[in-house]
Amino acid sequence: SQELEQSPQSLIVQEGKNLTINCTSSKTLYGLYWYKQKYGEGLIFLMMLQKGGEEKSHEKITAKLDEKKQQSSLHITASQPSHAGIYLCGAGSYGGSQGNLIFGKGTKLSVKP
Amino acid sequence: GAVVSQHPSWVICKSGTSVKIECRSLDFQATTMFWYRQFPKQSLMLMATSNEGSKATYEQGVEKDKFLINHASLTLSTLTVTSAHPEDSSFYICSARVYTEAFFGQGTRLTVV
């Protein structure tokens, strides 16, 4: 079965600093999703990557999927307290677009003002 | 994007009682919905796949008689936690796929006392 490993598990950064969160899959990814969650709340969709080498950006967040489609990174530039939360990567479990997602264990981000 | 609405957002119930959680797709039809459970500081784990008009598919280790799922219409799936016990206390969240994207409800925090 496919597994997603996220690193680091937790991260504390000073406001204004850049940071990167990684997500590594045990199998080829056919769709990689990034979500943000504040514990006990719903998931906020950030980005979805499908193609090897694909890169997407939204505001100060950039996500990349490597050429081999087994690793993705989420980069936040000039972090702000509003970026704090848990970041989860998810992948389609069956390689298609209709199945459930499996998730990494998440990366807890704290941003110190 | 598509909206998935989950209700209630939190509930406290007495041990031995049953609790129903609703998941609605507000602006699209969902033939399939997914129910996840999240323990503190852990990732989301798939409990079951809810199929409109047919029986739900449960993941290994999930008691189907305890977690009753009904997907009676294309916009509503319900999860009923029967004879709830304190160990059922958790965060439950539903999801629906729209093409390649996955949307999540706000989640329900269940506390069994």
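Order of the sequence lines sets the chain letters (A, B, ...), proteins ahead of strands, with each chain counted from 1.
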Path from [X] to [Y] over hydrophobic side-chain contacts below 4.5 Å:
X        : Y         : result
Val19(B) : Leu76(B)  : no
Trp34(A) : Leu11(A)  : yes
Ile93(B) : Phe34(B)  : yes
Met45(B) : Ile102(A) : no

Quiz item: Given the side-chain rings of Phe104(B) and Tyr35(A), with only the six-membered ring counted for Trp, is the space between their centroids under 6.0 Å?
Solution: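 For Phe104(B) and Tyr35(A), the ring centres are under 6.0 Å apart.
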Exercise. Kindly compute the distance separating CG (Leu44(B)) from NZ (Lys105(A)), expressed to the nearest 0.5 Å.
Key: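 Interatomic distance, Leu44(B) CG to Lys105(A) NZ, rounded to 0.5 Å: 13.0 Å.
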Quiz item: How long is the gap from CG on Asn100(A) to OG1 on Thr57(B), to the nearest 0.5 Å?
Solution: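 Here the interatomic distance stands at 10.5 Å.
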Exercise. Answer with side chain, backbone, both or neither: which region of Gln50(A) has an atom nearer than 4.5 Å to a non-hydrogen atom of chain B?
Key: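 Just the side chain, heavy atoms under 4.5 Å.
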Self-check item: Residue Leu43(A) versus chain B: region with a heavy atom under 4.5 Å
Solution: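 Interface part for Leu43(A): both.
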Quiz item: Ignoring hydrogens and geometry, is there a side-chain-to-backbone donor-acceptor pair from Ser43(B) to Gly104(A) under 3.5 Å?
Solution: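 Checked: pair present.
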Quiz item: Under 3.5 Å, is there a donor-acceptor pair between the side chain of Tyr36(B) and the main chain of Leu101(A)?
Solution: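 Between the backbone of Leu101(A) and the side chain of Tyr36(B) there is a qualifying donor-acceptor contact (under 3.5 Å).
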Quiz item: Just wondering, more than 12 heavy atoms not from Glu15(A) lying within 6.0 Å of its CD?
Solution: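 Result for CD/Glu15(A): enclosed.
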Quiz prompt | Over 12 foreign heavy atoms within 6.0 Å of NZ, Lys66(B) | solution =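 For Lys66(B), atom NZ is crowded (more than 12 foreign heavy atoms under 6.0 Å).
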Exercise. Check the pair Gln38(B) / Phe103(A) against side chain to side chain contact (heavy atoms under 4.5 Å, CB included), numbers first and verdict last.
Key: CA-CA 11 Å; Gln38(B) 185 179 37; Phe103(A) 291 90; over 6 Å; no
